[in-house]
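Atoms within each ligand, like the ligands themselves, are counted from 1 in listed order. Note that the coordinates shown come from a computational prediction; the quantities given were computed from them, not determined experimentally.
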Amino acid sequence: MQRLSPHPSGRHFLQIPGPTNVPDRVLRAIDQPTIDHRGPQFQALAKKVLAEIRTIFQTRGPVVIYPASGTGAWEAALVNTLSPGDAVLMYETGHFASLWRRMAERLGLQPVVLGGFAHGSWRRGADAAAIEARLAEDRERRIKAVAVVHNETSTGATSDIAAVRRAIDRAGHPALLLVDTISSLGSIDYRHDEWGVDVTVGGSQKGLMLPPGLSFNAVSDKALAASRIARLPKSFWSWEEMLSANANGFFPYTPATNLLYGLAEAIDMLLEEGLPNVFARHARHAEATRRAVRAWGLEILCENAAEYSNTLTAVVMPAHAQGGRHDADRFRKIVLENFNMSLGQGLGQLAGWVFRIGHLGDFNDLTLAGTLAGVEMGLALAGIPHRAGGVQAALDYLRDTAPAASLPSARRAA
Ligand SMILES: *Cc1c(COP(=O)(O)O)cnc(C)c1O
């Protein structure tokens with residue numbers, strides 16, 4: 001096959017915020033003969049992943065696994081719980097939240113939208129107080145669900161889901177809570193049960209370190225009860241048949257067998273490291289990245305430090321002397337052509353204005369060092385005004401917070 005890349009040696013740096021780099025252990029796990037999905041070997045695999053995936057969502061309830069991208073699991077969350085014409089309170093934190101809203105419209109639901117680009121909400125997380133106020137106004141209880149994106153992948157801002165839960169409870173409102181955790185699951189602390197979430201939507205290709213192709217619904221008892229009376233048409237996405245087949249370790253239609261091998265391996269990797277350590281690793285790499293961005297003299301899109309995403313950082317392009325802004329896509333092209341690294345593009349309203357650095361999944365200190373080195377060299381090659389020293393600022397932080405930095409020998413040497 002002819003190579004498209006001028007850099008055939010070394011690995012491509014896939015530093016978009018999903019799909020992420022797939023670790024060799026997962027690639028090897030997937031590289032197996034496909035088995036009979038109605039046989040005992042599959043049954044053992046399915047029972048294992050269906051039980052263990054609950055740990056990742058921090059739930060004791062069922063998790064449905066679809067052979068689909070995350071968008072499918074969005075649809076599943078809506079069609080299983082809602083009826084035609086139902087109002088859904090949807091908080092627009094960015095491009096992904098707006099796509100979910102558009103889907104709700106197409107399905108015949110009536111989104112009630114809070115936030116949005118014009119309101120500055122594409123630079124922060126969902127405002128729980130605004131959700132509480134809107135629910136309190138809904139005395140007729142027309143709103144049947146509240147939908148929030150936990151980690152808005154287009155902006156690099158996270159929403160406080162526990163605060164959204166408290167807002168719904170304070171309003172005394174019976175609406176279901178639906179949360180998209182596609183770019184945070186397995187990277188940023190997320191607690192389906194403790195935070196009282198009714199449906200959590202996940203995907204395979206971000207924090208779970210798998211190729212694209214699997215998606216998830218974690219389902220509460222309240223959501224299951226809602227699904228028994230919900231009237232939106234559903235067939236492929238129906239939880240009912242899925243859960244009854246899953247009870248015996250099977251699926252109602254052909255599952256993505258080889259991706260499930262990969263999922264079993266990815267869960268093993270996350271649990272071997274320990275979820276608290278996985279979350280701390282992502283937090284540390286995110287902080288190092290922000291230090292680099294600040295040292296370059298560039299602006300982080302997310303305006304609220306308490307809501308910075310630990311899985312990606314969106315960087316605002318500086319203004320051009322001739323007016324407008326330097327073009328983020330031209331910069332990304334220069335990075336790709338010179339250093340064989342993909343960075344995330346600006347999505348929707350942010351096209352051309354921002355680029356996004358993905359720092360999630362199978363990722364360590366030196367992957368981050370390489371990533372930031374590619375960004376810094378790219379800024380110079382593209383003629384983007386910035387100060388040198390971002391990589392060094394990140395390295396200083398990584399060195400000072402390295403596990404050995406706290407050992408007595410390291411302190412003596414310093
Ligand atoms: C990636 C992503 C999606 C879309 O998932 P697909 O797998 O592309 O369908 C939805 N929401 C968020 C927050 C995402 O990051």
Checklist entry - Relative to ligand 1, is Trp100 under 4.0 angstrom through side chain, backbone, both or neither, heavy atoms considered? => result neither
Item to check | Numbered atoms of ligand 1 (with element) below 4.0 Å of Thr153, judged on heavy atoms | outcome: 12 (C), 13 (C), 14 (C), 15 (O)
Checklist entry - Taking atom 6 (P) of ligand 1 as the point of reference, which of Gly213, Gly70, Ser154 owns the nearest heavy atom? => result Gly70
Checklist entry - Under 4.0 Å from ligand 1, counting heavy atoms only, is it the side chain of Thr71, its backbone, both or neither? => result both
Next on the checklist: I want to check something: taking the side chain as every heavy atom from C-beta on, are Gln349 and His95 in contact at a cut-off of under 4.5 Å?
Outcome noted: no
Item to check | Part of Lys206 with heavy atoms under 4.0 Å of ligand 1, whether side chain, backbone, both or neither | outcome: side chain
Checklist outcome for this item: Of Ile182, Leu312, Ile16, Leu214, the one whose closest heavy atom lies nearest atom 10 (C) of ligand 1 is Ile182
Checklist entry - Counting heavy atoms only, which part of Leu99 comes closer than 4.0 Å to ligand 1: side chain, backbone, both or neither? => result neither
Checklist entry - Under 4.0 Å from any heavy atom of Val149, which atoms of ligand 1 are there? => result 13 (C)
Item to check | pair Ile188-His150: side-chain heavy atoms closer than 4.5 Å | outcome: yes
Checklist entry - Should Arg60 and Asp221 count as an ion pair when the cut-off is N to O under 4.0 Å? => result no
Item to check | Protein contact of atom 4 (C) of ligand 1 - nearest heavy atom, named by residue and atom, plus distance | outcome: Phe96 CE2, 3.9 Å
Checklist entry - In terms of atom number and element, which parts of ligand 1 are under 4.0 angstrom from non-hydrogen atoms of Ser69? => result 6 (P), 7 (O), 9 (O)
Checklist entry - Taking 4.0 angstrom as the limit, do Asp365 and Arg284 come out as a salt bridge? => result yes
Item to check | Where ligand 1 meets Asn151 - atom numbers and elements under 4.0 angstrom, heavy-atom basis | outcome: 13 (C)
Item to check | Beyond-backbone contact of Thr155 with Thr93, side-chain heavy atoms, under 4.5 angstrom | outcome: no
Next on the checklist: Classify the ring geometry of Phe331 against Phe355: parallel below 30°, tilted from 30° to 60°, perpendicular beyond 60°.
Outcome noted: tilted
Item to check | Shortest non-hydrogen separation from Ile65 to Phe251 and the atoms involved | outcome: O-CE2, 3.3 Å
Checklist entry - Is Ser309 reaching over with its side chain to a backbone N or O of Thr311, donor-acceptor style, under 3.5 angstrom? => result yes
Item to check | Interfacing atoms of ligand 1 (cut-off 4.0 Å, heavy-atom, Ser183) | outcome: 15 (O)
Checklist outcome for this item: The protein heavy atom nearest to atom 8 (O) of ligand 1 is Gln205 NE2, 4.0 Å
Next on the checklist: To check your reading of the model: name the closest protein heavy atom to atom 11 (N) of ligand 1, its residue, and the distance in Å.
Outcome noted: Asp180 OD2, 2.6 Å
Next on the checklist: When you measure from the side chain of Arg325 to the backbone of Pro318, do you find a donor-acceptor pair of N or O atoms at a distance under 3.5 Å?
Outcome noted: no
Item to check | Contact check, Glu152 vs ligand 1, heavy-atom distance below 4.0 Å | outcome: no
Checklist entry - Hey, which atoms in ligand 1 end up nearer than 4.0 Å to a heavy atom of Trp74? => result 10 (C), 11 (N)
Checklist entry - When you measure from the side chain of His173 to the backbone N and O of Asp169, does any donor-acceptor pair fall under 3.5 Å? => result no
